[in-house]
There are 2 protein chains.
Amino acid sequence: MGLRMTRERELIVAEVDSFDGHFEPDELLDRMRRKNIRVSRASIYRTLPLLVECGAIKEAVYKDRKTRYERLIGRDHHDHMVCTECGGVIEFVSDEIERLQEAVCKRHGFGIAGHTLEIRGVCRDCSEGKTGASSAGRGNTNSDARS
Amino acid sequence: MGLRMTRERELIVAEVDSFDGHFEPDELLDRMRRKNIRVSRASIYRTLPLLVECGAIKEAVYKDRKTRYERLIGRDHHDHMVCTECGGVIEFVSDEIERLQEAVCKRHGFGIAGHTLEIRGVCRDCSEGKTGASSAGRGNTNSDARS
DNA sequence: GTATTATTGCGACAGAGTCTCAGTTGCCAT
DNA sequence: ATGGCAACTGAGACTCTGTCGCAATAATAC
Ligand SMILES: [Zn+2]
Ligand SMILES: [Zn+2]
Ligand SMILES: [Zn+2]
Ligand SMILES: [Zn+2]
């Protein structure tokens, strides 16, 4: 049969909606625990893939081999530059790149459902020697207007 | 002191060089076991990251939360379209996209070290109803000339 | 040839994510 | 509103990829 809207799922969705940026399942769990919102780890791990299927969130940057999610609803599509020094993430959009992707896929008869573009490298601050400028760098997200 | 060229590392490099396409560490191990080449799992897991640092291979598509590698030496850079139906992988290159990425990064003062572009969707065969055309699709790689 | 020290292999370990199963609860039909 | 049932939850055991510690080994430097 169909899915059911349970109390737990409402709580999880609410929590996901309550902030921007990237998160990992266990991170979400901790956040909820600290707020005294009781939901089991299993439920979180079971719900997030459902939200991906609904298009509410998507898997984003992988770090260490942990799945990271990112809210989609209420946010524009963007891609990522990840600094290998400080771990910082710059979000960016290039309409031209998006258009070219569509063109390439069309040529292959490939129907796009989504994509992930992740550029690895060294951000300006780190390369200018402001070592650890962005500090110990626990994935601070440096949002950015479309280019 | 520096690194050492050991018998084990030679064997691993030889095995990696012996085929194109993507592979996972344990896959490589099995392959070698079957050929009666004895190298410990730990050595493989320790060597592959070194090869990444040398630029001989790189981490490619993640699948299930397993690290997948791909040989770089002797192959041109390319990106991936992954079919969500059959699991097939189409490799492609768009020089324009590559160029645009450089432009965007330059604008951000971001020094590119590498990138991963993975487009998810449905390939031609699957969308034309040739369901399972590419068969049970365990990641068959459909190489392709530059577009 | 000997000293030095990186590397190997093994098995123990770590941690993200999955599975099982009994108990619960949303949902639909009556 | 009530009952029935399948979907869901929570707890913990489990799986599986990847890492670590340590004693034995072997590649390099002298
Ligand atoms: Zn994009
Ligand atoms: Zn983002
Ligand atoms: Zn590329
Ligand atoms: Zn490839």
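In the text below, chain A, chain B and the rest are named by the order of the sequence lines, each starting its count at 1.
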B/K106 meets the side chain to side chain donor-acceptor pair (under 3.5 Å) criterion, sequence neighbours left out, with none

Go through the structure and list residues passing side-chain contact (heavy atoms from CB on, under 4.5 Å) with [X], not counting sequence neighbours.
X	result
B/T116	A/R120
A/D26	A/L29, A/R41, A/Y45
B/E102	B/I112
A/R38	A/R33, A/N36

Please state how far atom [atom1] in [X] lies from atom [atom2] in [N], giving the value in whole angstrom units.
X	N	atom1	atom2	answer
B/L29	C/dC10	CG	P	11 Å
A/F23	C/dG17	CZ	P	12 Å
A/L28	C/dG17	CG	C1'	15 Å
A/L3	D/dT9	CG	C1'	15 Å
A/D64	C/dA16	CG	P	9 Å
B/M5	D/dA29	CE	P	14 Å
A/L48	D/dC8	CG	P	15 Å

Discussion item. If you assign B/R7 and A/T6 each to the DNA chain C nucleotide with the nearest heavy atom, which residue ends up on the more 5' nucleotide?
Written reply: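 Nearest nucleotide further toward 5': that of B/R7.
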
Among D/dG10, D/dA27, C/dG9, the one nearest any side-chain atom of B/R4 is D/dA27

Taking only residues two or more places apart in sequence or in another chain, which ones pass salt bridge (Lys or Arg N to Asp or Glu O under 4.0 Å) with B/E70?
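Result, salt bridge (Lys or Arg N to Asp or Glu O under 4.0 Å) vs B/E70: B/R75.
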
Under-3.5 Å N/O pairs linking protein and nucleotides 16-21 of chain D:
unit_1: D/dG18; atom_1: OP1; unit_2: B/T67; atom_2: N; d: 2.7
unit_1: D/dG18; atom_1: OP1; unit_2: B/T67; atom_2: OG1; d: 2.6
unit_1: D/dG18; atom_1: OP2; unit_2: B/Y45; atom_2: OH; d: 2.9
unit_1: D/dG18; atom_1: N7; unit_2: B/R41; atom_2: NH2; d: 2.4
unit_1: D/dG18; atom_1: O6; unit_2: B/R41; atom_2: NH2; d: 3.4

Taking only side-chain nitrogens and oxygens of B/S43, does any of them come within less than 4.0 Å of OP1 or OP2 of C/dG9?
->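 Indeed, a polar side-chain atom of B/S43 lies that close.
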
Cluster companions of B/M5 among Ile, Leu, Val, Met, Phe, Trp, Tyr (side-chain spacing under 4.5 Å):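 Under the 4.5 Å side-chain rule, B/M5 groups with nothing.
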
Remaining members of the apolar cluster that contains B/V122, side-chain heavy atoms under 4.5 Å:
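Besides B/V122, the cluster holds no residue at all.
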
Selection residues 48-62 of chain A - residue pairs positive for salt bridge (Lys or Arg N to Asp or Glu O under 4.0 Å), sequence neighbours left out: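 Salt bridge (Lys or Arg N to Asp or Glu O under 4.0 Å) check on residues 48-62 of chain A returns no pairs.
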
Within residues 8-19 of chain A, those residues having any heavy atom closer than 4.0 Å to DNA chain C are none

Computed from five pairs at either end and rounded to 10 degrees, the angle between the axes of the helix from C/dG1-D/dC30 to C/dT30-D/dA1 is 50°

Checklist line | Salt bridge present between B/K35 and B/E15 (N-O < 4.0 angstrom) | finding: yes

B/L51/B/Y69 under side-chain contact (heavy atoms from CB on, under 4.5 Å): CA gap, chis, key distance, verdict = CA-CA 10 Å; B/L51 294 184; B/Y69 294 95; over 6 Å; no

